[in-house]
Amino acid sequence: MTIRCEIVSQDRTVFERDVDIVVIPGTDGEMGILGNHSPLLSTIRLGVIKVRYEGVEELFTITGGLVEVQPHIVTILADAAENVEEIDLSRAEEARQRAAQRLEEGIPADTDAYLAAEAALRRSSLRLDAARRLGRTRARRTEYPASQGTGDTGT
Amino acid sequence: MANAREVKIRIRSVKNIAQVTRALQAVSASRVRKAMEAVEGTRPYATKAWQVLTHIAGQPGRNSLHPLLTERAQVNNVLVVLVSGDRGLAGPYNTNVMRFAREHFRNFEATVSYVAVGRKGAELLFRRGEKVMAQFTDMPPEPSFSDVSPVGRIVVDDFLEGKADEVYLVYTDFVNMISQVPTLKKLLPLEFDTSEGLVQSGFSPASSGPAAAYTYEPGQVEILDQIVPRFTALQIYQALLESFASEHAARMVAMKNATDNATDLAGALTLEYNKVRQQTVTNEMLDIAGGAEALAQAA
């Protein structure tokens, strides 16, 4: 039983296909959505969306948004979403340092600039974490190639 | 008749102008396409967000639901977001949209103030003595959503704080290359055609029968808090992209006319130059002939 998953941000469609499971960082906790889920509307917090199909797992960072679940379709309205594979590690690291540095310069808290820097730091740390996590999974897979490609979707 | 050198200089400058206008025309042509593609990219989110909104608004007791959806009994202050261009040389594009906005709000009982997106619009409004609360200029040629979200935030904040009781959006709708129409849209409070009776929610014809009730996490209000400001900003973003397409289309037409005119003028001037040159040659010949004649007679 698959479920259609669409991830759209304001300016483009990020992901669209039938999947086995979608794991979403909802504001009230993580939830895994399978086919035939009951209708649900929920907000999403900053985190990582996981989708799995045909034995493949894809990760997307999301900075917040909204999800609408219907029995046959999950629609994620993202503020900003990105496939973790597209993340450039060195650029993300740079961005994180820049944000951290700006915070250390001691902008008065409670100003827009401070909040912006803080948000930037959170975003870039999230991207880094996600990218590293993906990198690790990849490494493990290549170490034990036997565990891969059995065509077994159920994990 | 002017002398040949002067005419030649004019021909050169007219040809230079034609070259510049031709280049501007080409740039605008490609930008129109890009802007229209970007508009297409916003469609999925907009459609989906609209469905969710109408769905929630369709629930009973919507007026008590959320301040951003609630009509105010008395409208004292109106805020207008006016989208125009940063630059001129676009034919009547900037004046048209500004005039459209002013004509529409001229007879409003409420105080009207503006948020200007685009330098030209801000300048024109200032000159007419309108109240401009904020202006956003120097949008990048290919704006992203984050370039526009501050505009959306100002608008939503002003509305929630009661500084504005209604918010409108005025922009130029891109119909096609030769037609762009100034358009008015009401941003806040959000208005629904509730007769649509959403819950059919498309996409899954399989789930027929009475639609199952939704679970809300954490709650309807929080969800609306999230989605309404974003939807408002998205509408502004779409309007900006439409306006960009319109601006470039208008500029393309204006520049095409300029190029055509310059080419015509260069042609006319070349004709004149040839006449002048011919005249000079004829005069010189006459002089020489006359001189020779005089010499011959003297001999």
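So that the names make sense, note that chain A is the first sequence line, chain B the second, and so on, each numbered from 1.
- Interatomic distance, OH of Tyr216(B) versus OG1 of Thr43(A), reported as 13.5 Å (0.5 Å rounding).
- Of the atoms belonging to Val69(A), it is backbone heavy atoms, and not side-chain ones, that fall under 4.5 Å from chain B.
- Contact of the Ile227(B) side chain with the Leu77(A) side chain is registered, since non-hydrogen atoms from C-beta on lie closer than 4.5 Å.
- Put simply, CD on Glu40(B) and OG1 on Thr13(A) are 10.5 Å apart, with the number rounded to the nearest 0.5 Å.
- Rounding to the nearest 0.5 Å gives a distance of 12.5 Å between CG of Leu41(A) and CD of Glu222(B).
- Residue Ile223(B) touches chain A through both its backbone and its side chain, counting heavy-atom pairs closer than 4.5 Å.
- For the atom pair NZ of Lys48(B) and CD1 of Ile73(A), the computed distance is 5.5 Å after rounding to the nearest 0.5 Å.
- Within residues 145-164 of chain B, the residues having any heavy atom less than 4.5 Å from a heavy atom of chain A are, in residue-number order, Phe145(B), Arg153(B).
- Looking at Ala80(A), neither its backbone nor its side chain comes within 4.5 Å of chain B, counting heavy atoms on both sides.
- The shortest heavy-atom contact between Pro44(B) and Val8(A) is CB-CG1, 3.9 Å.
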Working note: Arg230(B) + Asp79(A), criterion side-chain contact (heavy atoms from CB on, under 4.5 Å); need CA distance, chi angles, decisive distance, verdict. CA-CA 8 Å; Arg230(B) 280 171 184 74; Asp79(A) 292 347; 2.4 Å; yes
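- Residues satisfying the salt bridge (charged side-chain N to carboxylate O under 4.0 Å, His left out) criterion with Arg122(A), sequence neighbours excluded, are absent altogether.
- Within 6.0 Å of the CZ atom in Arg17(A), the count of heavy atoms belonging to other residues, nucleotides or ligands exceeds 12.
- Atom CD of residue Glu37(B) and atom CZ of residue Arg12(A) lie 15.0 Å apart, to the nearest 0.5 angstrom.
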